[in-house]
Amino acid sequence: TQLKAAVQTALTPQTVLLGIHSGGAWLSERLERDLQLQGRVGSISSSMYRDDFAKRGLAASLPSDIPFDINGAQVILVDDVLYTGRTIRAVLNELFDYGRPATVQLMVLVDRAGRHLPFAANFAAAQAGLAPENSLNLSKNADGSLQFTLKTREASHAE
């Protein structure tokens, strides 16, 4: 895939991958297998640093699992969809709790319009212009395959 090729091009001996829970973690697991990156892949959660905690609640997310030293590492954050930028802001706060990386890059499958914060992906396999009431969700099937689902949130009606 395009994401695999982009990650492979960016790899150095100091590069580690952190998949953002949950879709990005699934993608980084696959990249770990495909690119033989054992010991260089972890996962990171945004749940403790969300600025919309009151609205979202504590999202069902595993804790961060970073089995290597972040200090001086070249980190590639992997995510499924980049939308508002709020998840990336939260993940960066979590990341710096673990140390100070030399560099941080962001690679995503889909970059969609609607940014609230000034974040951009270093690489996106696809661009999608979706209406705000739509969401693009990556799910993992029982056989381990991944698939996107487009969901539309119903408008609330005042009574």
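Bear in mind the structure is a predicted one, so any value in this text is a computation, not a measurement.
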Original post:
Is there side-chain contact between I44 and L95, with at least one heavy-atom pair below 4.5 Å?
Top reply: yes
Subject >> No-hydrogen, no-angle side-chain donor-acceptor test under 3.5 Å, Q74 and T12 >> reply: yes
**OP:** Output the distance between atom CG (L37) and atom OG1 (T15), rounded to the nearest 0.5 Å.
**Re:** 9.0 Å
Original post:
With side chains defined as the heavy atoms from C-beta onward, is the minimum distance between T84 and L117 less than 4.5 Å?
Top reply: no
Subject >> Hphob cluster co-occupancy, V16 + W26, side-chain heavy atoms under 4.5 angstrom >> reply: no
Original post:
How long is the span from the CG atom in L109 to the CG atom in L27, to the nearest 0.5 Å?
Top reply: 4.5 Å
Original post:
Are R100 and I70 close enough, and set up right, to give a side-chain contact (heavy atoms from CB on, under 4.5 Å), and what steps lead you there?
Top reply: CA-CA 6 Å; R100 185 174 180 192; I70 289 297; over 6 Å; no
Original post:
Quick one: are P63 and S45 in side-chain contact, heavy atoms under 4.5 Å?
Top reply: no
Subject >> Non-hydrogen side-chain atoms of I66 and F68 separated by less than 4.5 Å >> reply: yes
Original post:
If you measure only the distance, is there a donor-acceptor pair under 3.5 Å linking the side chains of N134 and T152?
Top reply: yes
Original post:
In Å and rounded to the nearest 0.5 Å, what is the CE to OG distance from M107 to S28?
Top reply: 13.0 Å
Original post:
Within the side chain of D69, is there an N or O that forms a donor-acceptor pair under 3.5 Å with the backbone of N71?
Top reply: yes
Original post:
Does R89 reach the main-chain N or O of F119 with its side chain, forming a donor-acceptor pair under 3.5 Å?
Top reply: no
Original post:
Can you list the steps and then say if L136 with T149 is a side-chain contact (heavy atoms from CB on, under 4.5 Å)?
Top reply: CA-CA 6 Å; L136 195 55; T149 306; over 6 Å; no
Original post:
Where the side chain of T9 meets the backbone of A5, is there a donor-acceptor pair that is under 3.5 Å apart?
Top reply: yes
Original post:
How about L77 and V108: do any of their side-chain heavy atoms sit closer than 4.5 Å?
Top reply: no
Original post:
Any side-chain heavy atom of I20 sitting closer than 4.5 Å to one from I88?
Top reply: yes
Original post:
If you take all heavy atoms of E29 and K140, which pair is closest and at what distance?
Top reply: OE1-NZ, 3.4 Å
Subject >> Backbone of G144 reached by a side-chain donor or acceptor of R30 within 3.5 Å >> reply: yes
Original post:
Are any non-hydrogen side-chain atoms of L31 and K4 less than 4.5 angstrom apart?
Top reply: yes
Original post:
Which heavy-atom pair separates P67 from G42 by the least distance, and what is that distance?
Top reply: CD-CA, 4.0 Å
Original post:
Between V110 and A128, which heavy-atom pair has the shortest distance, and what is it?
Top reply: CG1-CB, 3.7 Å
**OP:** Specify the closest pair of heavy atoms between L18 and S43, including all atoms of both residues, with the distance to one decimal.
**Re:** CD2-N, 3.8 Å
Original post:
Judged by atom type as modelled, is there a donor-acceptor pair below 3.5 Å linking the side chain of R115 to the main-chain atoms of Y83?
Top reply: yes
Original post:
Any ion pair linking K151 and E133 (charged N to carboxylate O, less than 4.0 Å)?
Top reply: no
Original post:
So do V75 and T103 actually touch side chain to side chain, heavy atoms under 4.5 Å?
Top reply: no
**OP:** Search all heavy atoms of D80 against all heavy atoms of G23 and return the closest pair with its distance.
**Re:** OD2-CA, 3.6 Å
Original post:
For the side chain of N122 and the backbone of Q105, is there at least one donor-acceptor N/O pair under 3.5 Å apart?
Top reply: no
**OP:** Look at atom CD of Q36 and say whether more than 12 heavy atoms of other residues, nucleotides or ligands are closer to it than 6.0 Å.
**Re:** no
Original post:
Does V81 offer a backbone N or O that forms a donor-acceptor pair with the side chain of R112 under 3.5 Å?
Top reply: no
**OP:** Decide yes or no on side-chain contact (heavy atoms from CB on, under 4.5 Å) for L17 and R40, but give the supporting numbers first.
**Re:** CA-CA 6 Å; L17 267 62; R40 297 172 59 187; over 6 Å; no
**OP:** For side-chain contact (heavy atoms from CB on, under 4.5 Å), just list the numbers for N93 and D97, CA-CA rounded to whole Å, side-chain angles, deciding distance to a tenth of an Å, and then say yes or no.
**Re:** CA-CA 7 Å; N93 285 343; D97 282 351; over 6 Å; no
**OP:** Might you point out which heavy atoms bring A121 and L82 nearest each other, and give the distance in Å?
**Re:** N-CD2, 3.7 Å
